[in-house]
Amino acid sequence: MKWRKIIPLGLACCLLLGGCAEQREQAQQMLENSKMKNRHEATTFAMDTVMTFTVIHEDGEELIIDAEQEIRRLENLLSVTLENSEISKLNAAAGKEPVAISNDTMILLNAGINLGALVGGAFDIAISPVVKAWGFTEEEHRVPTKEELAALLPLTDFEDIILEKGTAFLQKEGMAVDLGGITKGYASDEVAFLLKGKGVSSAIFSLGGNVYGIGTKHDGEKWEVALANPLDVNDYCGIISVENQAVVTSGGYQRYFEENGKKYHHIIDPKTGYPAESGLLSVTIISESGTEADVLSTALYVMGLEKALDFWKENDMFEAIFITEEGEVVATEGADACFAFEGRDNDFTYRVVERG
Ligand code: AMP
Ligand code: MG
């Protein structure tokens, strides 16, 4: 008698549990479907590069338009090629007079100068005359003479930029500022701030390779960013998982020209005026700050692996993955924790560096 009661009760429990699991699964599916329905994607061209957005929010379409407007507003202030930008006006007044600048331009110039000092000059926002001499600014590439570069180098010191009471002044005639190595990172921070402020808790966007992941994917998993193979841009060396973080890569393979069989890329060593030859193919930075990630990817590329690792050991606001000319992928221990290396098939080797 007792058993007869217990068994059907037991069965009922199983059915109930089964029902619960089914309902839970259905509810989960409905939630995922509604999130997928709210998935909005767009691609645009701004700041001389392709930008892609994925925003999971019911107002995603309008929010992406807001983000694009913010990027264009910043571009109009900060571009070195747009004639009426604040940076162009600042450059035109070099050696003559201070120029009134808006809050964003002030923040960015300040960040550029402070981070430039932090990395010991490997990043220099006053590098513009040299970048221009190589033809990277107007995309009219040429190899400048040694004498030409030697004459320009004294004009490329960010310490000669004076920021005061809402104005900026380039002290020497011929000086010029180029924010190309920091603007997209700053724009990614501004877009993340804008979207989060409007209630977005799940989005990923790439501003010409400056990636920022807000929250997680619709299924709660971290966003995944491919680490490009610098020897073949259609291939990758692994996957970086991020949540509320920026991932920024700098590499000579991203922009270069060839003359007489030699490649000249766009990341300049401020000490020499020549494209940095530091033994690295790319540097990827993972950080909560897109601005810092952008500066550091450029700066650590110039430094080379050894100096960059010393810098990382003394500064804990970022993690990094380096790809060397020897085919070694080197990850800092924090980067290793969110990185799945997949480059073995392409003859890359993998090494993790500990902080201690
Ligand atoms: P990124 O693509 O972020 O590594 O930045 C490279 C861009 O920043 C170049 O196209 C130049 O406009 C500028 N740039 C090149 N070398 C440097 C440097 N050493 N410091 C600051 N900006 C640089
Ligand atoms: Mg950069």
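The figures that follow rest on heavy atoms only: side chains count, while hydrogens, waters and symmetry mates do not. Note that ligands are numbered from 1 as they come in the structure, with each ligand's atoms numbered from 1 the same way. Numbering starts at 1 and runs along the sequence shown. Since the model is a prediction, treat every value here as computed from it, not as a measurement.
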Q: May I ask you to check whether N84 and N76 show a side-chain donor-acceptor distance below 3.5 Å?
A: no
Q.
Hydrogens and angles aside, do E243 and T216 bring a side-chain donor and acceptor to less than 3.5 Å of each other?
A. no
Q) Does G181, backbone or side chain, put an N or O under 3.5 Å from an N or O of ligand 1? A) yes
(Q) So, applying side chain to side chain donor-acceptor pair (under 3.5 Å) with Y186, which one of T291, D294, N210, D104 is it? (A) D104
(Q) Does either side chain, that of E319 or that of T332, offer a donor lying less than 3.5 Å from an acceptor on the other one? (A) yes
Q. So does T298 have any N/O/S atom less than 2.8 Å away from the Mg ion (ligand 2)?
A. yes
Q) Can you tell me which residue and heavy atom of the protein come closest to atom 4 (O) of ligand 1, and the distance to 0.1 Å? A) S250 OG, 2.6 Å
Q. Any nitrogen or oxygen of D178, main chain or side chain, under 3.5 Å from a nitrogen or oxygen of ligand 1?
A. yes
(Q) Is a donor from one side chain sitting under 3.5 angstrom from an acceptor on the other, for S287 and Q245? (A) no
Q. Side chains of R72 and T44: do they bring a donor and an acceptor to under 3.5 Å?
A. yes
Q | Any N/O pair I268/ligand 1 closer than 3.5 Å | A | yes
(Q) Below the 3.5 angstrom mark, is there an N/O of Q254, backbone or side chain, next to an N/O of ligand 1? (A) no
Q: Identify the residue among L296, L280, D269 that makes a side chain to side chain contact (heavy atoms under 4.5 Å, CB included) with Y301.
A: L280
Q: Check each atom of ligand 1 against the heavy atoms of P270 and keep those under 4.0 Å away; list them by number with element.
A: 19 (N)
Q: Report the part of R255 in contact with ligand 1, treating N, CA, C, O as backbone and CB onward as side chain, heavy atoms under 4.0 Å; options are side chain, backbone, both, neither.
A: side chain
Q. Do we get K262 above Y264's six-membered ring, with its NZ or CZ under 6.0 Å from the centre and within 45° of the axis?
A. yes
Q. With only distance considered, is A122 within less than 3.5 Å of ligand 1 through an N or O on each side?
A. yes
Q.
Quick check on F136 - does any of its heavy atoms sit under 4.0 Å from an atom of ligand 1?
A. no
Q: State, without any angle test, whether Y212 and D189 hold a side-chain donor-acceptor pair at a distance under 3.5 Å.
A: no
**Q.** Identity and distance of the protein heavy atom lying nearest atom 1 (P) of ligand 1
**A.** T298 OG1, 3.4 Å
Q) For ligand 1, which atoms, with element, lie under 4.0 Å from some heavy atom of D294? A) 3 (O)
Q. Please state the angle at the Mg ion (ligand 2) spanned by O of G181 and O of D294: what is it, rounded to 10 degrees?
A. 90°
Q) How close do P129 and T156 get, heavy atom to heavy atom, and via which atoms? A) CD-CG2, 4.0 Å
Q) Considering only protein heavy atoms, which is closest to atom 10 (O) of ligand 1, and at what distance to one decimal place? A) H266 ND1, 3.1 Å
Q) Among protein heavy atoms, which lies nearest atom 20 (N) of ligand 1, and at what distance? A) D124 N, 2.9 Å
Q. Which residue supplies the protein heavy atom nearest to atom 14 (N) of ligand 1, what is that atom called, and how far is it?
A. I127 CG2, 4.1 Å
